[in-house]
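Not measured: the values here are computed from a predicted model.
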Amino acid sequence: MARPEKQGLDYFPFPVDFFDNEVIDGISGAFGKDGEMVAIKLLCAIYRKGYYLEWNDLTQSQLSKKVQISKEDVNVIVGKLIEWNYFDKSLYESYKILTSEDIQDTFFIATKRRKKMGKLPFLVNAYNNTSSEGVNVYNNPPSRGVNDDISTQSKVNQSKVKKSKLNNNNSPITQNSADFPTTDKKSKDDFKSVIDLYKRKIDYNPKYKDKNVLEKKFNRLVDGGTSYLEATNIVKMAINISAKYQAKNINYIATILDNWDKKELYSLSDVMNYVEPKKKDKPKFEHIHFDEDNALF
């Protein structure tokens, strides 16, 4: 007998700073432990089924029983989670569906080795544009990480990613070509690829403020006349350098980008000429000083 197709996850990554998330922190302040438990129980219910949950009367009653508060209180808490964009507002208003971009990213990374997944409804793209139409796994965008090779759940934190290489002080940085877009389209998809790289090399569950810093640096380059493609690759270069030196925090990346901005390096070629050493010179990015006392946060 064929093994039934698995829909949800057996486990999912729970970030150690979950309770420091600004929305969860707000929910905790407004509703105490009941609010926190509602959020956690909802995540478990969503991942058990896949990457979204139908918010109907039955689901509300089940959650009410598990958390031991009234259904009315449950709905008030969920309403705040939606209002504060913990769940995608558009999908909820249109289809009474609870999901989010981060939830879907986690799910698709965890299931990228499954052989078949069939239709994938209610997808949220990088900037909250939604789709209620089913998407076939074979046509699914590569940024979602869906692969049809093997029908088992992969371990999220054990995926192998090609690393940027620096053989010695006299060798240039070799970038993985898959990290960089090859077309210059003026789209927020370019910035989404920056966040994807940050998740792979710096922090799988980036804080909202980390994303905000990266977006500000990206927009500063674009506003200054740098093309979307160049801005994307410049920010990615900073991320790769930070990962190379195990300085895996947003402040170090921001310091690198600020340093390049002060030196008026506004194109990828300018950055590469500055970063890559000349014959006997040491890589110049090693001279970047990060002062913890002047950290962004």
Side-chain angles (χ1 to χ4, degrees), residues 15 17 20-23 85 101-102 105 125-129 143 161 163-164 166 172-276 283-297:
D17 58 354
D20 295 325
N21 177 283
E22 60 180 358
V23 175
N85 297 315
E101 179 193 348
D102 287 341
D105 281 344
N125 75 6
Y127 288 88
N128 295 324
N129 295 321
S143 63
V161 181
K163 298 178 180 178
S164 300
L166 185 69
I173 292 177
T174 302
Q175 302 290 347
N176 177 7
S177 61
D179 290 338
F180 295 89
T182 56
T183 58
D184 189 5
K185 57 180 182 178
K186 294 182 178 181
S187 166
K188 290 183 178 179
D189 286 343
D190 289 334
F191 181 70
K192 172 62 166 55
S193 70
V194 170
I195 297 300
D196 287 342
L197 182 66
Y198 186 87
K199 288 181 178 180
R200 296 202 312 268
K201 296 198 171 185
I202 306 297
D203 185 355
Y204 178 75
N205 289 295
K207 300 180 181 67
Y208 172 80
K209 63 184 180 183
D210 294 359
K211 294 181 181 180
N212 191 43
V213 169
L214 289 172
E215 187 169 20
K216 284 182 178 179
K217 300 302 180 185
F218 177 86
N219 288 337
R220 180 176 176 83
L221 286 165
V222 172
D223 293 343
T226 303
S227 68
Y228 281 80
L229 176 63
E230 293 271 282
T232 299
N233 290 342
I234 289 172
V235 177
K236 285 184 174 182
M237 174 75 80
I239 292 173
N240 280 327
I241 290 173
S242 182
K244 162 64 187 174
Y245 283 93
Q246 298 297 311
K248 296 188 176 183
N249 63 74
I250 189 64
N251 294 321
Y252 191 87
I253 296 170
T255 301
I256 292 174
L257 291 169
D258 287 342
N259 184 55
W260 294 346
D261 183 51
K262 289 177 183 177
K263 296 182 180 298
E264 299 183 350
L265 307 177
Y266 301 130
S267 70
L268 184 62
S269 60
D270 288 341
V271 172
M272 293 291 286
N273 289 335
Y274 175 75
V275 169
E276 293 188 355
K284 295 181 180 180
F285 58 77
E286 287 191 26
H287 301 157
I288 293 173
H289 175 67
F290 175 66
D291 187 357
E292 289 285 356
D293 294 334
N294 294 320
L296 296 176
F297 309 105

Before accepting this row, confirm whether a basic side-chain N of the pair Asp196/Lys192 lies closer than 4.0 Å to the acidic partner's carboxylate O.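 Here Asp196 pairs with Lys192 in a salt bridge, since their nearest N and O are under 4.0 Å apart.
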
Heavy-atom pair with the smallest gap, counting every atom of [X] and [Y]:
X	Y	value
Asp105	Tyr204	O-OH, 4.3 Å
Leu268	Glu230	N-OE1, 2.9 Å
Leu221	Ile234	CD1-CG2, 3.9 Å
Ile202	Ile253	CG1-CD1, 4.1 Å
Trp260	Met237	CH2-CG, 3.5 Å
Val213	Ala254	CG1-CB, 4.1 Å

Do the non-hydrogen side-chain atoms of Tyr198 and Ile250 ever get within less than 4.5 Å of each other?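 In contact.
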
Sole candidate of Asp210, Asp258, Asp261, Asp223 that passes salt bridge (Lys or Arg N to Asp or Glu O under 4.0 Å) when paired with Lys217: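 Single pass found, and it is Asp258.
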
Contacts of type side chain to side chain donor-acceptor pair (under 3.5 Å), residue [X], not counting sequence neighbours:
X	value
Asp102	Lys211
Lys216	none
Lys263	none
Asp270	Ser267

Would Lys201 and Ser242 count as having a side-chain donor-acceptor pair, cut-off 3.5 Å?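 Note: Lys201 and Ser242 side chains miss the donor-acceptor criterion.
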
Donor-acceptor contact present, side-chain Asn259 to main-chain Thr255, <3.5 Å: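 Such a contact is absent between Asn259 side chain and Thr255 backbone.
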
Any donor-acceptor N/O pair, Asn212 side chain to Tyr208 backbone, under 3.5 Å: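 Not at all, since once roles are kept as given, no pair shorter than 3.5 Å links the two residues.
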
Any residue meeting side chain to side chain contact (heavy atoms under 4.5 Å, CB included) with Val222, in chain and number order, not counting sequence neighbours: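 Listed in chain order: Phe218, Tyr228, Ala231.
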
Using the rule side-chain contact (heavy atoms from CB on, under 4.5 Å), only one of Ile195, Asp203, Leu197 pairs with Lys199; which is it?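 Running side-chain contact (heavy atoms from CB on, under 4.5 Å) over Ile195, Asp203, Leu197 with Lys199 returns exactly one hit, Ile195.
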
Considering residues at least two apart in sequence or located in another chain, which fulfil the salt bridge (Lys or Arg N to Asp or Glu O under 4.0 Å) criterion with Asp17?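 Partners of Asp17 by the salt bridge (Lys or Arg N to Asp or Glu O under 4.0 Å) criterion, ordered by chain and then number, come out as Lys207.
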
